[in-house]
Amino acid sequence: MRLPEAPASGSRTARDRAEHIVEGDSAMTAELVRGQNHTLPQTRLEIRVSASSPVVAGATLGDENGVVRGAEWIAHPGSPQLPGLEVSQQAAADHRLAVDLEALPETVHRVTVLLALPVGVGGPTRFGTAAAPFVAVTGLDGTEIATFTLTGLDAESAVSALELYRRQGAWKVRAVGQGYAAGLAGMLADQGLAAAAELAASIQEAVARSLARSVAPPPRAPEGDRVRHASGAPDPGPAPAALPQSPAATPVQPAADPGPTPATAPGGPIDYAHPRRRHPAPPTPPPPTAPPAQPGQAAQPVAGDATGWSMDERLYNQIWGMFEDLARAAAAYRSAVDFAESRMDQELDRSLSDPRNRIGGAGDRAREEARAKRDELTARAREVLDRDLAQLAAEAAVVEPALPAAYAGWDNPVWHAHRVPMELPMALRLGDLHLPERTGLRIPLLVRLPLERGIWVDSGRTASEAAALTGSDRLRRLAVETAVLHAARLLAVYPPGEFSVHVIDPAGSAAGPLAPLVDAGVLAGPPAAGPQGVASVLAHLTRRVDLVQMAVRAGAADSLPPDLDTGEQLLVVNDFPHGFDDRAVTQLRYLADEGPAVGVHLLMVADREDASAYGPVLDPLWRSLLRITPVADNHLADPWVGHAWTYEPPATPPGNRVLEQVLAAVTAARRAAGR
């Protein structure tokens, strides 16, 4: 579960506002050094972690001697929830860990927050090569109680950051900063856990699985922070902070602490950037004017109401801001409901434990009062959520019609007047995302261009409940049709001749769905079939990757063969691994790993179960690809709070020939350019 940074001074996230219903403000901030402690003024807390690269965050529970009695006393990505404790489900550069000290078992006297570097994701292997992590203990409204910067780390790959401990009936926080060169296993063993190595391996495996299924947020440019113009409105709605970066995206590098953040002037732009991570933003072009807000009403939404150098960049940043807002609004509501339920259970337990309430109607009255409080808190949380969702729905209604073709759905009229651009757009739409709190509120799923990782369209029936209800033949056809729509969109948004599509269809089983690409003449060659066709295409693309890599490393781009196409290449692979021998599988893995850096990308249509005969040798291949489905399914998790987002694949309107029109425009643009 990836969690956001602290909001800037003067702002409050949706979760903060919802939970502020039942909590008060926190104490002044104490900046701790290693070994120093500080009294905690409240028992419901958040531990916020900020690092320069993805880290694994977890927590252990210790008894009066600080001993962890078993694996069930550890909250980690594979088991993120314990009574009174919830941690992230993924490796991330930023985390929020939720702690309710009153809900901890009575035998627990210590909570130790641990950080570890994930294994096998290509990031740092020791903390000494990255900027020092920053940890803050905050109240639910975001007010910092104590902070600690973990300096002095070197060869350590795991660290006990801080501990919350019970002393004479009161809770305190102590800055620890104890590093372990032996990694997560060494740290767990030091806390008295038996089989520490096995548990550490299972935690890293859970992290690897979560990375394979996460939706990577865009690599934020410094100017990409979302800024809403309040226009005098009393409440700007959910206050997003920059999402942390996943390993598939560029990590956010921390800047020097500029000191206290000045308060936001009333009625002015609300800056949601992290106060400890200031970057210069470009001057924001004035957004389109909106009707002035009436007193007591929120400002009218405006398309492009975000920072950026161009309208496309502003829309891109605005869409990701909407994604963050929706994630936070849902997290706030769910957190408030969970708290209301927990509070009711605690009140019922206290009431029923008193023998006097077991006689007469006292027990019934106590139950009715507890349920009434629960219903009141839930209703207030729902009211906040409905307000936030209504604001987001109004914003989506304004933004969607204003999107350029690369960001727009296939039903958007912009495609009917589309012309192949002369410049590459910032991003590409892969489909839509929504949450069960309001399924009609769809957020476009955008990925940056050029693609940083390949795409896998899962055609397996065992992948999800929705897929299991679809026949095998229909599911495979839908998967290929989804791949065709993605390939067509890529062709349509790249300048003429700068993007080529190759297709491998070993058995020729996808002739029908591939017909639009074949008939339009936009493929680099006919779909490759049979062992010789598969070997030929893979050899051609492997040679291209090798030559471009050597030229880049030698700084000799002029030495490339004149017949080598240096434009971006997309390889669409159908029905993998059928028709692939061991050599072909090795080449495909090579293209997945090395291709994106030099402009060769994979779009695979495959059922992972069909490749089970290869064993774990293909696991890195699946993890390197962004998995999407040809039917709606809630398999994607955001890298902040880990919501299960429902992914809606792209589709053209029934009876609409927009796909053929777009491909015809691609063909015409190529002819005009002489390509």
Side-chain angles (χ1 to χ4, degrees), residues 1-2 77-81 86 88-90 205-216 323 326-327 330-331 333-334 337-338 389 409 429-445 447 454-486 509-510 513 574-578 603-613 616 618-619 621-652 654:
M1 179 172 66
R2 271 199 148 172
S79 179
Q81 292 183 332
E86 182 177 358
S88 302
Q89 295 175 347
Q90 293 180 306
E205 182 181 354
V207 171
R209 288 197 304 267
S210 68
L211 289 176
R213 59 185 285 271
S214 68
V215 182
F323 173 80
L326 180 54
Y333 172 70
R334 296 176 188 180
V337 170
D338 289 345
L389 294 182
R429 186 173 186 160
L430 292 185
D432 295 331
L433 299 171
H434 63 82
L435 291 174
E437 279 75 12
R438 186 160 180 172
T439 57
L441 179 56
R442 308 293 176 86
I443 307 296
L445 172 58
V447 295
I455 300 172
W456 164 32
V457 185
D458 193 345
S459 60
R461 296 188 68 230
T462 61
S464 67
E465 182 178 348
L469 299 176
T470 307
S472 297
D473 292 341
R474 173 168 171 74
L475 192 64
R476 290 193 182 96
R477 182 179 182 88
L478 289 174
V480 180
E481 289 176 351
T482 300
V484 168
L485 289 177
H486 290 315
S509 59
N574 180 49
D575 217 14
F576 176 82
H578 300 295
L603 176 53
M604 293 183 58
V605 177
D607 178 357
R608 185 170 182 174
E609 294 297 320
D610 290 345
S612 58
L618 289 182
D619 286 349
L621 173 63
W622 306 119
R623 288 199 297 266
S624 69
L625 304 175
L626 172 62
R627 174 179 172 260
I628 60 176
T629 55
V631 293
D633 185 64
N634 62 344
H635 69 284
L636 291 177
D638 66 71
W640 171 52
V641 291
H643 287 322
W645 290 81
T646 296
Y647 168 76
E648 293 279 351
T652 56

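Bear in mind that the values here come from a model prediction, so they are computed numbers and not experimental data.
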Closest approach of V605 to A483 (non-hydrogen atoms, all atoms of both residues): CG2-CB, 3.7 Å
H643 vs R334 side-chain heavy atoms within contact, under 4.5 Å: yes
From M604 atom CE to D575 atom CG, the distance as rounded to the nearest 0.5 Å: 10.5 Å
Heavy-atom closest contact (P77 atom, Q90 atom, distance): CB-N, 4.5 Å
Exercise: identify the closest heavy-atom pair between E609 and T462: CG-OG1, 3.2 Å
V457 versus P630, closest heavy-atom pair with distance: CG1-CD, 4.2 Å
Reported CG-to-CG distance for the pair L433 and N634, which is rounded to 0.5 angstrom: 11.5 Å
Rounded distance (nearest 0.5 Å) linking atom OG1 of T470 with atom CZ of R461: 7.5 Å
Minimum heavy-atom distance S88-P80, with the two atoms named: O-CB, 4.5 Å
Under 3.5 Å: donor-acceptor pair, side chain of Y647, backbone of R627: no
Point-to-point distance, once rounded to the nearest 0.5 Å, from OG1 of T646 to CG of L435: 7.5 Å
Gap separating the CH2 atom of W456 from the OG1 atom of T629, nearest 0.5 angstrom: 10.5 Å
Sub-4.5 Å side-chain heavy-atom contact between L430 and L626: yes
Validation row: L326, W645 side chains within 4.5 angstrom (heavy atoms): yes
Heavy-atom pair of closest approach, residues P513 and V484: O-CG2, 3.4 Å
4.5 Å side-chain heavy-atom contact, H635 and D458: no
Check: F576 and L621 side chains under 4.5 Å, non-hydrogen atoms: yes
Any side-chain heavy-atom pair of P649 and V631 under 4.5 Å: no
Criterion side-chain contact (heavy atoms from CB on, under 4.5 Å) against E648, the qualifying member of T439, L445, D432: D432
Validation row: E481, L478 side chains within 4.5 angstrom (heavy atoms): yes
Approximate separation, where rounding is to 0.5 Å, of L625 CG and R608 CZ: 10.0 Å
